[in-house]
**Student:** 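What follows is a single structure, and I will ask about it in a moment.
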Amino acid sequence: MFSTKRTIVAAFVSITLIGCGEATTKTETMPAAPTAKEAQEFLINAQNDISKMQVPAAHAEWSYATNINFDTAAVSAYFNEVLSTKVAVLAKEAAKFNDVEVDEDTRRQLNLLKNGLTMPPPSDPAKAEQLAKIGSELSAMYGSGQYCMEDGTCKSLVEMSSEMATIRDADTLLEYWKGWREVSVPMKPLYEQQVNLANEGAAELGFQNVSELWRGKYDMPADDFPKELDRLWGQVAPFYESLHCHVRAKLGEHYGEELVPQDQPIPAHLLGNMWAQTWGNVYDIVKPEQEMSVPDVTSSLVAQDYDEIKMVKQAESFFSSLGFAPLPDTFWERSMFQKPEGRDAQCHASAWDLDDKDDLRIKMCIQKTGEEFNVIHHELGHNYYQRAYKDQPLLYRGSANDGFHEAIGDTIALSITPKYLKEIGLIDEIPDASNDIGMLMQVALDKIAFIPFGLMVDQWRWKVMAGEVSPDQYNTLWWELREKYQGVKAPVDRPADAFDPGAKYHVPANVPYTRYFLAHILQFQFHKALCDIAGDEGPLNRCSIYNSEEAGTALNAMLEMGVSEPWQNALETLTGSPEMDASTIADYFAPLKTWLDEQNATRQCGW
């Protein structure tokens with residue numbers, strides 16, 4: 001259920017030459033110092049040029065993502081090379097104004113330019129071209145990857161993921177788990193080259209490495225940001241450990257404690273998900289034993305003849321009920337809702353804004369499940385956010401921090417409660433509060449189980465990019481962090497040449513992952529604030545803001561800010577506090593935590 005907002009940042013730089021005095025003697029005059037006015041003119045020219053280039057670049061990237069072949073790959077690689085190089089030039093131009101006294105707004109835009117790159121290319125054209133090609137190759141390896149069994153039958157990631165959600169045969173689960181990780185083995189040398197080239201580009205921008213660049217994008221010093229993440233994780237860890245203890249115990253009962261030892265991390269292939277990042281698919285194994293009436297959204301979707309379009313229409317109607325305008329007609333004409341027949345495409349769900357105005361789209365291979373119903377709400381959250389800040393200056397058209405973008409759709413999904421499902425006719429009756437343990441368990445298996453995974457992916461990348469670990473230890477570090485934070489282990493010893501991080505989309509695609517960790521904190525904080533505004537006085541887990549225009553107005557006020565101010569200001573606009581706070585999670589899941597503690601009373605917890 002986790003997606004990335006795919007933003008094409010394209011820049012064409014109209015470089016203003018700083019005036020120099022003509023040599024009148026043997027001693028040359030020094031170049032004139034840049035001025036505040038020149039900084040402002042630079043920003044105007046740069047943004048005008050960006051707006052001209054980013055539309056064709058976005059179309060090239062969309063074409064590649066929805067139709068992977070030699071030609072679309074070549075065009076995509078070309079634009080990646082040209083645009084990333086131009087962005088790097090633009091960032092270096094912005095750095096020339098570091099010591100110029102400018103107003104706060106100008107300084108913020110200059111800083112956004114300097115910190116805007118994900119994998120900054122070196123100034124050497126050959127190296128920049130190589131970096132772009134590596135990025136395209138890694139993306140193609142993932143997008144076209146499949147696992148072929150001994151009988152010649154080949155399965156895609158979508159097919160294997162679907163089966164892993166429901167089958168309970170440990171041998172088959174292990175085969176799929178190992179099989180998908182064969183796709184990522186050839187990525188390792190390319191990834192190593194990519195890191196080296198990007199670090200060279202980052203150094204030219206004044207950063208020690210890409211790690212510092214990534215950590216420095218959060219309106220606080222780069223070295224302070226990991227401490228903030230540790231603080232937030234500390235608020236969540238006790239509840240996660242209780243959930244982990246219960247899930248491990250029930251898996252041990254199902255598969256046997258020889259396969260699932262009760263004093264060790266959980267084998268990663270048994271949690272119903274290719275990456276063990278969410279555990280909702282093993283709900284049938286770990287659910288409370290007492291009879292509970294938990295809405296089966298998947299069955300209801302099938303029974304009521306929901307197809308892919310109807311699912312998206314229903315998600316749109318949620319936003320409409322908050323007072324947001326309908327999606328444009330072009331959204332329905334141009335989005336990809338199913339995997340196209342006869343060609344490779346990236347099925348990973350993502351939301352797109354191709355022109356920074358109204359050309360909004362989603363790209364998904366929608367499956368008719370309750371989980372996908374939530375994902376659609378998530379993706380539309382990106383689209384409505386994109387449209388809300390479209391009238392900001394170009395450099396401010398973005399998320400307050402990248403966790404905000406991921407959190408908005410998930411905040412809406414928290415309102416997919418029985419109350420909402422009854423209102424839209426997917427269920428007939430709202431189960432009473434005695435059923436909340438089961439429903440909270442379902443939410444926790446997806447959202448709370450994910451939080452340490454959302455934290456550790458970039459913990460791994462930051463160390464790799466900072467050169468703290470050598471390539472021969474890439475995989476070892478990956479599993480050390482997974483065991484430390486998740487209490488999850490590889491089900492078999494991994495080969496020396498394995499590159500298991502590459503089996504996760506966001507690593508070869510170079511999508512920063514901390515945004516998902518932050519989103520899982522912020523969504524509960526947003527949910528509580530919106531429920532308060534909507535006047536819902538019941539338990540937080542039963543609140544739905546559906547049909548509350550007051551909540552929609554408050555939400556839109558934050559969304560319209562884009563990245564024009566520090567994220568702390570945007571957060572305070574909605575919640576009244578400038579500080580991220582994970583304590584709302586404890587409030588939301590309080591009944592489940594009490595129940596888990598009772599179940600775990602005689603168990604050995606921890607790993």
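Since this is a predicted model, take the numbers as computed values, not measurements. Along the sequence shown, the residues carry numbers beginning at 1. Heavy-atom basis, side chains included; hydrogens, waters and symmetry copies ignored.
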**Student:** Quick one: does any side-chain atom of Gln525 pair with a main-chain N or O of Glu579 as donor and acceptor, under 3.5 Å?
**Tutor:**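 Checked: pair present.
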**Student:** Just jot down the side-chain contact (heavy atoms from CB on, under 4.5 Å) partners of Asp103, sequence neighbours excluded, or say none.
**Tutor:**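 So Asp103 forms a side-chain contact (heavy atoms from CB on, under 4.5 Å) with Gln40, Asp105, Thr106.
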**Student:** If every non-hydrogen atom of Arg387 is compared with every non-hydrogen atom of Asp358, which pair is closest and at what distance?
**Tutor:**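 Between these two residues, the closest heavy atoms are CD-OD1, 4.4 Å.
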**Student:** Whether the side chain of Glu316 engages the backbone of Leu327 through a donor-acceptor N/O pair (distance < 3.5 Å, no angle test) should be reported.
**Tutor:**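 Checked: pair present.
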**Student:** List for me each residue that meets ring pair (Phe, Tyr, Trp, His ring centres under 6.0 Å) alongside Trp478, sequence neighbours excluded, and say none if there are none.
**Tutor:**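 Partners of Trp478 under the ring pair (Phe, Tyr, Trp, His ring centres under 6.0 Å) test: Trp460.
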**Student:** Run the ring pair (Phe, Tyr, Trp, His ring centres under 6.0 Å) test against Tyr396 and tell me which residues pass, sequence neighbours left out.
**Tutor:**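 Here no residue qualifies.
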**Student:** May I ask you to test the Pro120-Leu213 pair for a side-chain heavy-atom distance under 4.5 Å?
**Tutor:**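 They are in contact (side-chain heavy atoms under 4.5 Å apart), so the answer is yes.
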**Student:** Which heavy atom of Tyr142 sits nearest to which heavy atom of Ala503, and what is that distance?
**Tutor:**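 Between these two residues, the closest heavy atoms are CE1-O, 3.4 Å.
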**Student:** Just by distance, do the side chain of Ser335 and the backbone of Phe337 share a donor-acceptor pair under 3.5 Å?
**Tutor:**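 It does not hold such a pair.
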**Student:** Ignoring hydrogens and geometry, is there a side-chain-to-backbone donor-acceptor pair from Asp500 to Asn475 under 3.5 Å?
**Tutor:**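 Not a single qualifying donor-acceptor pair exists.
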**Student:** Under the ring pair (Phe, Tyr, Trp, His ring centres under 6.0 Å) test, which residues partner Trp62, sequence neighbours left out?
**Tutor:**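 Partners of Trp62 by the ring pair (Phe, Tyr, Trp, His ring centres under 6.0 Å) criterion, ordered by chain and then number, come out as Trp352.
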**Student:** Output yes when a side-chain donor or acceptor of Gln277 lies under 3.5 Å from a complementary backbone atom of Phe453, and no otherwise.
**Tutor:**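 No, because the side chain of Gln277 does not come within donor-acceptor range (under 3.5 Å) of the backbone of Phe453.
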**Student:** What do the steps show when you test Arg361 against Asp355 for salt bridge (Lys or Arg N to Asp or Glu O under 4.0 Å), and what is the final call?
**Tutor:** CA-CA 11 Å; Arg361 310 180 192 182; Asp355 65 356; over 6 Å; no
**Student:** For Gln47 and Leu395, work out which heavy atoms get closest and say how close.
**Tutor:**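 Heavy atoms of Gln47 and Leu395 come nearest at OE1-N, 3.0 Å.
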**Student:** Which heavy atom of Trp214 sits nearest to which heavy atom of Thr118, and what is that distance?
**Tutor:**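 In this case the closest contact between Trp214 and Thr118 is NE1-O, 2.8 Å.
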**Student:** The criterion is side-chain hydrogen bond (donor to acceptor under 3.5 Å, both in side chains); which residues satisfy it with Asp344, sequence neighbours excluded?
**Tutor:**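 Listed in chain order: nothing, the list is empty.
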**Student:** Under a 4.0 Å N-O cut-off, is there an ion pair linking Arg231 with Glu228?
**Tutor:**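 Looking at Arg231 and Glu228, the cut-off is met.
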**Student:** Looking only at the aromatic ring of each residue, does the gap between the centers of Tyr516 and His506 stay below 6.0 angstrom?
**Tutor:**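 Yes: the rings meet the under 6.0 Å criterion.
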**Student:** If every non-hydrogen atom of Lys127 is compared with every non-hydrogen atom of Pro122, which pair is closest and at what distance?
**Tutor:**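 Looking at all heavy atoms of both residues, the closest pair is CB-CG, 3.8 Å.
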**Student:** Donor-acceptor check, side chain of Asn196 to backbone of Gln193, threshold 3.5 angstrom: yes or no?
**Tutor:**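 Here the side-chain-to-backbone pair does not exist.
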**Student:** Is there a side-chain contact between Glu565 and Thr573 (heavy atoms, below 4.5 Å)?
**Tutor:**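 Side chain of Glu565 against side chain of Thr573, heavy atoms only: no contact under 4.5 Å found.
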**Student:** Can you confirm whether Pro501 sits close enough to Met187 that some side-chain heavy atom of one is under 4.5 Å from a side-chain heavy atom of the other?
**Tutor:**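 No. Closest side-chain heavy atoms not under 4.5 Å.
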**Student:** Would a 4.5 Å heavy-atom cut-off, applied to side chains only, mark Phe331 and Leu380 as touching?
**Tutor:**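 Yes, close enough: below the 4.5 Å cut-off.
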**Student:** Can a donor-acceptor pair be found, under 3.5 Å and without considering hydrogens, that links the side chain of Ser76 to the backbone of Tyr64?
**Tutor:**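 No, the answer is negative, given that no donor and acceptor are paired below the 3.5 Å cut-off.
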**Student:** Just checking Glu101: does its CD atom have more than 12 heavy atoms from other residues, nucleotides or ligands closer to it than 6.0 angstrom?
**Tutor:**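 12 or below, so no.
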**Student:** Going by side-chain hydrogen bond (donor to acceptor under 3.5 Å, both in side chains), name the residues that satisfy it together with Trp180, two or more places apart in sequence or in a different chain.
**Tutor:**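 side-chain hydrogen bond (donor to acceptor under 3.5 Å, both in side chains) check on Trp180 returns nothing, list empty.
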**Student:** Could you walk me through whether Glu93 and Lys96 pass the salt bridge (Lys or Arg N to Asp or Glu O under 4.0 Å) check?
**Tutor:** CA-CA 5 Å; Glu93 286 294 306; Lys96 293 181 179 180; 2.9 Å; yes
**Student:** Fit a plane to each ring of His378 and His382, take the angle between them on a 0 to 90° scale, and name the class: parallel (under 30°), tilted (30 to 60°) or perpendicular (over 60°).
**Tutor:**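 Perpendicular: the ring planes of His378 and His382 meet at over 60°.
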**Student:** Under 3.5 Å, is there a donor-acceptor pair between the side chain of Glu38 and the main chain of Thr35?
**Tutor:**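 Flag set: sc Glu38 to bb Thr35 pair under 3.5 Å.
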**Student:** Name the atoms and distances for all side-chain donor-acceptor pairs under 3.5 Å in residues 202-210, with sequence neighbours left out.
**Tutor:**
from	atom 1	to	atom 2	distance (Å)
Glu204	OE1	Lys92	NZ	2.5
Glu204	OE1	Ser123	N	3.0
Glu204	OE1	Ser123	OG	3.2
Glu204	OE2	Ser123	N	3.4
Glu204	OE2	Ser123	OG	3.3
Asn209	OD1	Ser211	N	3.1
Asn209	OD1	Glu212	N	3.0

**Student:** Please confirm whether the backbone N or O of Ala65 pairs with a side-chain atom of Gln346, one donor and one acceptor, at under 3.5 Å?
**Tutor:**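 Not at all, since once roles are kept as given, no pair shorter than 3.5 Å links the two residues.
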**Student:** Please list all pairs meeting salt bridge (charged side-chain N to carboxylate O under 4.0 Å, His left out) that have one or both residues in residues 62-77, counting only residues at least two apart or in different chains.
**Tutor:**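 Residue pairs with at least one partner in residues 62-77: there are none.
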**Student:** What is the ring orientation for Phe450 with Tyr513, classed by angle as parallel under 30°, tilted 30 to 60°, or perpendicular over 60°?
**Tutor:**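 The arrangement is tilted - the two ring planes meet at 30° to 60°.
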**Student:** Would you please name every residue forming a ring pair (Phe, Tyr, Trp, His ring centres under 6.0 Å) with Phe404, sequence neighbours left out?
**Tutor:**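 Phe404: ring pair (Phe, Tyr, Trp, His ring centres under 6.0 Å) contacts with Phe526.
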**Student:** Taking all non-hydrogen atoms of both residues into account, name the closest pair between Met119 and Leu131 and its distance.
**Tutor:**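 Heavy-atom minimum between the residues: O-CD2, 3.6 Å.
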**Student:** Under 4.5 Å between any side-chain heavy atoms of Asp356 and Ser51, yes or no?
**Tutor:**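 No, too far: nothing below the 4.5 Å cut-off.
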**Student:** Listed by chain and number, what are the side-chain contact (heavy atoms from CB on, under 4.5 Å) partners of Pro452, not counting sequence neighbours?
**Tutor:**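 For Pro452 the side-chain contact (heavy atoms from CB on, under 4.5 Å) partners, ignoring immediate neighbours, are Trp233, Tyr240, Tyr485, Gln486.
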**Student:** Does the side chain of Thr514 pick up a donor-acceptor pair with the side chain of Asp458 at under 3.5 Å?
**Tutor:**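 Side chains of Thr514 and Asp458: pair found under 3.5 Å.
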**Student:** I'd like to know if Lys188 pairs up with Glu192 as an ion pair, taking the criterion as any Lys NZ or Arg NE/NH1/NH2 lying under 4.0 Å from an Asp or Glu carboxylate oxygen.
**Tutor:**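 Salt bridge: no.
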**Student:** For a 4.5 angstrom cut-off between non-hydrogen side-chain atoms, does Leu43 reach Leu113?
**Tutor:**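 Leu43 vs Leu113: side chains touch.
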**Student:** Would you call Asp359 and Arg334 a side-chain contact if the rule is heavy atoms closer than 4.5 Å?
**Tutor:**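 Answer yes - side chains close enough.
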**Student:** Listed by chain and number, what are the side-chain hydrogen bond (donor to acceptor under 3.5 Å, both in side chains) partners of Glu560, not counting sequence neighbours?
**Tutor:**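 Listed in chain order: Asn556.
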**Student:** Does the side chain of Gln386 pick up a donor-acceptor pair with the side chain of Asn383 at under 3.5 Å?
**Tutor:**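 Judged by distance alone, the side chains do pair up.
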**Student:** Can you confirm whether Lys447 sits close enough to Gln523 that some side-chain heavy atom of one is under 4.5 Å from a side-chain heavy atom of the other?
**Tutor:**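 Of all side-chain heavy-atom pairs linking Gln523 with Lys447, at least one is under 4.5 Å.
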**Student:** Using modelled atom types only, decide if a donor and an acceptor are shared between the side chain of Arg343 and the backbone of Thr66 within a distance under 3.5 Å.
**Tutor:**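 It does hold such a pair.
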**Student:** By side-chain hydrogen bond (donor to acceptor under 3.5 Å, both in side chains), which residues pair with Asp391, not counting sequence neighbours?
**Tutor:**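 Residues passing side-chain hydrogen bond (donor to acceptor under 3.5 Å, both in side chains) with Asp391: none at all.
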